[in-house]
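In this text, all values refer to a predicted model and were calculated from it rather than measured experimentally.
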Protein chains: 2
Amino acid sequence: MPAQLLQSHQLKATKQRRELLLLMQREHRPRTAEQLQTKLKDVSLATVYRMMDDFLQAGLVNRVDLGHGHTHFEYADPKHHHHHLICDDCGRIEDVRVPNETKIVLSVGRKAKFRVRRHALEFFGLCSRCQTA
Amino acid sequence: MPAQLLQSHQLKATKQRRELLLLMQREHRPRTAEQLQTKLKDVSLATVYRMMDDFLQAGLVNRVDLGHGHTHFEYADPKHHHHHLICDDCGRIEDVRVPNETKIVLSVGRKAKFRVRRHALEFFGLCSRCQTA
DNA sequence: TTCTAGTTGAGAAAGATTCTCAATTAGATA
DNA sequence: TATCTAATTGAGAATCTTTCTCAACTAGAA
């Protein structure tokens, strides 16, 4: 599956790319380049970053800013578009869907005559556990 | 004005803080720590970062991730809450307001039992000029 | 005016990300 | 299947952003 997906985006299906894409599909969570490299074993960190650029360009992954100092990446599954709730206290990350999101994004773009290609949205605050604690 | 605003947030009104806050209020655009330091002249970069932490904590500024490698900061004017449209092509940044945003944020938090304290939202794509070019 | 906790400057240190360049490889072609 | 070439990769150096350290300084309380 990763091989065809890569080729359909004009990306050579190298061993490294197939492994990284498969890993991200399985994790389906925001991960840093370093976290991904550790699980891949035989891929250099520079290559992870380079592949991530390619994947971002192709729209296969999303960049996620969790407010820590380093970028996270997440597989962009079109069937499960979502955003994140990030707990300031315990750091837990929950997925969340925003109702009528497509409609909202379209309307914002239309009004500003701006062709929206992608958007980033994260919510920060306190998760249910940390509110009571 | 900056002095009172700082004190109302339990922050000592030092010369550096007053100048930075005033500058950010005047610019009301996303700026990097370095850009701000350049305009302040007699404040060290480390101090700009430290003050930014304090201001973020106090809710006086927002962190903005424009997708370039470095963080931008913007004065958080409660009267003019907005988000950004960032052009992938020319880099231009436009402000945008999202209709019914408060309602949406509240509903997302309620469903997930998550107390939302703040959120980050940016739109990326092509501005009106770059669509035709 | 004095005192003290909080703040700042300067540069070192720490991290994250990108760059360089020689070696390797996917995939097209014969 | 073998060959060829442009694209990709590894390894480490380089760069860039952000944080840390610690001695000197200062706002605001007494």
Between B:K12 and B:T47, which is nearer to the 5' end of DNA chain C once each is assigned its nearest nucleotide?
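Its nearest nucleotide lies further toward 5', so the answer is B:K12.
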Check whether any side-chain N or O of A:Q7 sits under 4.0 Å from OP1 or OP2 of C:dG27, and answer yes or no.
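True: A:Q7 side-chain N/O within range (under 4.0 Å) of C:dG27 OP1/OP2.
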Taking only side-chain N and O atoms of A:T32, does any of them lie within less than 4.0 angstrom of OP1 or OP2 on C:dA16?
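Checking C:dA16 against A:T32, no side-chain N or O comes under 4.0 Å of OP1 or OP2.
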When all nucleic acid strands are considered with a 4.0 Å heavy-atom cut-off, which category describes [X]: base, sugar-phosphate, or nothing?
X     : value
B:A33 : nothing
B:D42 : sugar-phosphate
B:R17 : sugar-phosphate
A:T71 : sugar-phosphate

Donor-acceptor check, side chain of A:Q131 to backbone of B:K113, threshold 3.5 angstrom: yes or no?
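Confirmed, A:Q131 side chain pairs with B:K113 backbone.
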Under-4.0 Å salt bridge between A:D65 and B:R63:
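Not counted as a salt bridge, because no side-chain N and carboxylate O are separated by less than 4.0 Å.
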Answer yes when B:R97 and B:E101 have at least one side-chain N-carboxylate O distance shorter than 4.0 Å, and no when they do not.
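Judged by the 4.0 Å cut-off on N to carboxylate O distance, B:R97 and B:E101 do not form a salt bridge.
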Which is it for A:M24 and A:R31 under the side-chain contact (heavy atoms from CB on, under 4.5 Å) test, yes or no, and what are the steps along the way?
CA-CA 8 Å; A:M24 294 190 77; A:R31 294 293 186 213; 5.9 Å; no
To the nearest angstrom, how far is B:D54 atom CG from C:dT8 atom C1'?
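After rounding, the gap between these two atoms is 12 Å.
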